[in-house]
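The structure appears below as structure tokens.
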Amino acid sequence: MDGNGRWAKARGLPRIEGHRRGVENVLAILDAGAEMGIEVLTLYAFSVENWQRPAEEVAALMGLLEHFIGLHTDRLVQRETRLRVAGDISALPAGARGAVEAAMERTSHFRKRTLCLALNYGSRTEIVEAAKAFARDVAAGRATPESLDWAALSQRLYTAGLPDPDLIIRTSGETRLSNFLLLQAAYAEMYFTPVPWPEFGPERLKEAVDSFRRRERRFGKTGEQVRCGR
Ligand code: FPP
């Protein structure tokens with residue numbers, strides 16, 4: 001969800017105004033995604049690196065998160081959407097953490113759609129934590145080094161149980177992954193757009209999804225094999 005700050009700056013507004021607009025857009029994209037049949041939508045809301053931003057911006061982001069969850073959990077319930085988190089939310093301020101935990105609890109039984117918020121998320125931290133968890137299991141005799149495969153590792157990632165992303169969209173002209181779902185993105189299609197997040201509305205999402213649908217995904221096979229269903 002990149003470009004909130006630049007969107008605001010270009011209009012002579014404070015950065016937080018850009019984040020406010022960004023949050024309004026989350027709702028529009030959530031609804032549009034549900035209508036397009038997107039089953040899992042993951043939003044990179046706050047990275048482990050984002051703690052380095054000015055304290056007032058961090059506080060404002062946490063406030064927006066808490067406000068958004070408090071205001072829109074009913075909508076998640078109406079949409080039969082489960083809220084999940086990728087990241088370590090124990091470091092979040094109590095208000096934001098409590099709101100997220102309550103919404104996760106209230107929506108945990110839904111299976112149709114998932115909104116996953118990457119909060120205090122960093123892919124390298126996630127991989128290190130998964131490696132530690134596996135090492136602990138080996139030390140306790142619950143696993144052997146030889147039993148480590150992708151399935152065993154991925155079930156120790158924050159995204160355990162979620163499918164790998166098919167499409168990763170990055171707004172605002174950046175063309176890098178910035179520590180987002182590095183392992184899960186192995187076969188993801190990438191979509192980069194110069195449009196800043198506050199302006200990346202439902203029409204833009206549709207363009208991204210249409211672009212995704214036109215692509216041939218080969219997963220290492222030849223185009224012919226894929227077309228013949230082999
Ligand atoms: C990127 O814009 C945006 C963020 C780092 C924060 C996005 C998170 C929120 C708006 C908090 C609430 C989240 C939800 C899901 C309700 P940027 O500030 O990096 O923009 P810039 O690159 O133009 O400076």
Side-chain angles (χ1 to χ4, degrees), residues 1-7 10 18-19 21-23 25-50 81 84-87 113-130 150-151 153-227 229:
M1 298 191 288
D2 221 346
N4 294 344
R6 276 165 286 171
W7 180 90
H19 292 314
R21 282 296 289 258
V23 172
N25 196 39
V26 165
L27 209 56
I29 291 297
L30 196 58
D31 285 349
E35 264 152 44
M36 279 176 217
I38 294 172
E39 289 172 11
V40 182
L41 178 70
T42 300
L43 296 173
Y44 202 173
F46 196 86
S47 71
V48 289
E49 292 84 10
N50 285 152
T81 301
R84 277 263 318 242
V85 154
R113 269 184 288 275
T114 302
L115 170 64
C116 178
L117 294 183
L119 290 170
N120 191 21
Y121 176 83
S123 197
R124 287 180 171 176
T125 306
E126 174 186 40
I127 295 164
V128 167
E129 288 305 319
W150 170 237
L153 187 65
S154 65
Q155 75 193 33
R156 289 168 174 85
L157 297 176
Y158 296 137
T159 51
L162 294 177
D164 286 344
D166 290 310
L167 172 65
I168 293 184
I169 300 171
R170 182 152 190 184
T171 56
S172 204
E174 312 294 354
T175 49
R176 47 178 183 267
L177 273 176
S178 296
N179 207 10
F180 185 60
L181 301 181
L182 299 180
L183 296 182
Q184 299 89 330
Y187 287 100
E189 296 293 327
M190 310 300 297
Y191 185 87
F192 299 112
T193 170
V195 177
W197 173 253
E199 287 175 7
F200 189 86
E203 268 310 303
R204 301 298 195 169
L205 178 66
K206 192 174 171 305
E207 283 166 18
V209 170
D210 286 347
S211 154
F212 168 79
R213 287 188 174 135
R214 285 193 298 271
R215 299 181 194 186
E216 182 180 73
R217 304 182 77 198
R218 294 199 293 273
F219 300 97
K221 297 181 184 175
T222 67
E224 199 188 343
Q225 282 176 308
V226 171
R227 283 187 291 278

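Being a predicted model, the structure only gives us computed values, none of them experimental.
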Could you tell me the separation between the CG atom of Asp31 and the CG atom of Leu205, rounded to the nearest 0.5 Å? 11.5 Å
I need the Ser154 OG to Gln184 CD distance, nearest 0.5 Å. 8.5 Å
So, for Trp7 and Pro196, which heavy atoms are closest and what is the spacing to 0.1 Å? CD1-CG, 3.9 Å
Before we go on, tell me: are the rings of Tyr121 and Tyr44 under 6.0 Å apart, centre to centre? yes
Between Arg6 and Glu174, does at least one N-O distance fall below 4.0 Å, as a salt bridge requires? yes
Heavy atoms only: give me the nearest Gln155-Ala160 pair and the separation to one decimal. O-CB, 3.4 Å
Taking Arg227 first and then Glu224, would you say they form a salt bridge - that is, a charged N and a carboxylate O separated by under 4.0 Å? no
Quick one: does Glu129's side chain get under 4.5 Å of Tyr158's, heavy atoms only? yes
Arg84, CZ atom: more than 12 neighbouring heavy atoms under 6.0 Å: yes
Test side-chain contact (heavy atoms from CB on, under 4.5 Å), reference Leu41, set Val26, Thr114, Ile29, output is Ile29
Taking Glu189 first and then Arg217, would you say they form a salt bridge - that is, a charged N and a carboxylate O separated by under 4.0 Å? yes
Between Arg214 and Asp210, is the closest basic N to carboxylate O distance under 4.0 Å? no
Over 12 non-hydrogen atoms of neighbours within 6.0 angstrom of CD in Glu216: yes
